[in-house]
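In what follows, every heavy atom counts, from backbone to side chain, and hydrogens, waters and symmetry copies are set aside. Residue numbers begin at 1 in each chain, while the letters A, B, ... track the order of the sequences.
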There are 2 protein chains.
Amino acid sequence: MPPKQRNEQERQETRTRILDAARILFVEHGIEATSMREIAGRVGCSATAIYLYFRDKRDLFRALCATDFLALAEEMRQMERIVDPMERLHRLGIGYARFALSHPNHYRLMFMTRWPQLAADELGIEQGNPEQDAYAQLYGMVAEAHAAGRFRADLDDPALVAQTLWAGVHGVCSLEITLGEDGWTDWRPFEARIGLMVESLMRAMARLPEVPHG
Amino acid sequence: MPPKQRNEQERQETRTRILDAARILFVEHGIEATSMREIAGRVGCSATAIYLYFRDKRDLFRALCATDFLALAEEMRQMERIVDPMERLHRLGIGYARFALSHPNHYRLMFMTRWPQLAADELGIEQGNPEQDAYAQLYGMVAEAHAAGRFRADLDDPALVAQTLWAGVHGVCSLEITLGEDGWTDWRPFEARIGLMVESLMRAMARLPEVPHG
DNA sequence: GCGTTTTGTTAACGGTGTTAAGTTAACGAC
DNA sequence: GTCGTTAACTTAACACCGTTAACAAAACGC
C-alpha cells in the first residue's frame, strides 16, 4: 500500500501558489520570457520544486490553459439566456472578443500558440460538453439556429458555419493582440472592426427575412 | 576616409548564405527552436561570425521578414490584372490565403508574432507603396471598389472595410496554422472555410445589385 | 614592411529548462 | 522510542542558449 501523503490539502495549496505565480508572470511578460526560476522566486521555493508538481514547463502551461478554457466556456454560457438564436450568436461573438481582449496573454496561450501533439483529453476538458468546451457551445448554437431555419438554405453544414464565424472573430482579435500597437496600420476602433465582422458574417449567412418589393 | 572593404560582393554572398540557412531552419523548426549555433553549423562558420552581419537574432529575423513582406506584395500584385473590383478583392483574399498556407512559418513570423517596438521603416519597406506593402494594396483595391459604388452606401470608410476583410482571411489562415492539426476540432476543408469567409464578407458588404421581384 | 581594418576564431558570461544526488521532516511498525 | 520508508525539498550540475571579449590571421593603403 502506498503511504498516504502527509497532507493532501497542503499539497494542493502549494500547487495553486505555483499556478498563481506562473499566471501573473505569463500575463505580464509572456510565456517564453518567463523562466522557471522567476516563478520559483515568486513562490518562494527553488526552481526544481516546481517539478514535483508539474512534469515540465509545458505541463505547467497546460494546467493554466485548462482553467482558461473553462473560464471562457463559463463566460460564454451567459449567452444561453438569449432566446433569439441569431441574436444569441451575435452576442456570443462580441462576448468572445471581450474575453480575448481582456485576457490577451491567456488568449495567446489558448488559440495563438501551437501545442505540439496536445491530445484532446490531455487538458482534462470534456470535449463536446458545452459547459466546458466553448467550441461545442458555438456549434450547438449554430446547429440550433440552423434547425430553426435561420440560415441560408445552401448552408447545410453547421460545422462549416461555426468554424467560419469563429475564424472571423478570431481574426479580428488575434490581429489586434499581435499588431494592435504596431505603429504601422492606421487601425479603426476595435469595436467598429469586431462589430462589422460579426454583423457582416451573420447578415451574409442568414436566411433573407422576406423579399422586398421593387 | 574609411578604407573600402575587401570584397563587397563576397560579403554579400556570405550574408545571403546566412539568410538562406536561417530561413531553412526557421521554416522547418520555427524561430524559437532554432539556435544561432545551428544556423552557423549549416553555414559552416562559427556562431559569432553571424554577429558580423547581423546585430542579433532579432535583426536576422527582421531581414528575413522584409523579404517575405516583399514576396507577399509581389504575389498580391498579380491580382491587379483583374478588372472587376469585387472579383479582384475576392481573388486577393484567396491568393493571400494560399501564400499563408504555402509559407506557414513565414506567415507566423510576419503576422502572428509580436514585434516589440518594430518601427515602420525599420523593415526597409516603403509604407503605403502598393508594390511593397500588401496592406496598402488591399486598401487601394477597397478604395477603388468603394469609389465605383460597389460597396453598401453606409460603408463609407474603406479602411474599416479593408481591415475587416484582412481580419477575416487572417482568422481562417491563422487558425489553420495554429490549430489545424490539433486533433480536437473536426475541421472542414480549408478551401471550404476560406471560400465561405471571403464570399460571406463580400456578399454582406457589397451593394445589392438589384432588388429581385417578389 | 608597417599599421590598420576586415573577417574570422575560441573562450567565456550569464542565462535557460531539466536531472541527479543529497537533506530534512513526518509517518507507520515494532 | 527508534528504525526504515517516503514525501518534500534543497543544492549542484548538465547541456544548451544568445551574446560579448579577447585574440589571430589575412588583406589593404602607404
- Task: Please check if the side chain of B/Asp133 supplies one atom and the backbone of B/Gln127 the other of a donor-acceptor pair under 3.5 Å.
- Result: no
- Item | Short side-chain to backbone donor-acceptor contact, B/Arg193 and B/Arg188, under 3.5 Å | yes
- Query: In residues 42-54 of chain A, which ones come under 4.0 Å of DNA chain C, going by heavy atoms?
  - Reply: A/Thr48, A/Tyr51
In whole Å, I'd like the distance from the [atom1] atom of [X] to the [atom2] atom of [N].
X       : N      : atom1 : atom2 : result
A/Arg15 : D/dA8  : CZ    : P     : 13 Å
A/Gln12 : D/dA7  : CD    : C1'   : 15 Å
A/Glu10 : D/dA8  : CD    : C1'   : 10 Å
A/Leu25 : C/dG17 : CG    : P     : 11 Å

Close N or O pairs between protein and nucleotides 14-16 of chain C (under 3.5 Å):
from: C/dT16; atom 1: OP1; to: A/Ser35; atom 2: OG; distance (Å): 3.0

- Task: Please test A/Asp20 against A/Arg17 for salt bridge (Lys or Arg N to Asp or Glu O under 4.0 Å), starting from the C-alpha separation and ending with a verdict.
- Result: CA-CA 5 Å; A/Asp20 290 346; A/Arg17 268 171 49 221; over 6 Å; no
- Item | Under-4.0 Å side-chain N/O to phosphate OP1/OP2 contact, A/Arg11 with D/dA8 | yes
- If you look only at pairs with a residue in residues 37-52 of chain B, which of them pass as a salt bridge (Lys or Arg N to Asp or Glu O under 4.0 Å), with sequence neighbours excluded? none
- Flag yes if more than 12 heavy atoms outside A/Arg88 fall under 6.0 Å of its CZ atom; otherwise flag no. yes
- Query: Atom OG1 of B/Thr16 and atom OH of B/Tyr53: how far apart are they, to the nearest 0.5 Å?
  - Reply: 10.0 Å
- Can you find a pair of side-chain heavy atoms, one from B/Arg23 and one from B/Asp68, that are under 4.5 Å apart? yes
- B/Thr178 side chain reached by B/Met112 side chain, heavy atoms, under 4.5 Å: yes
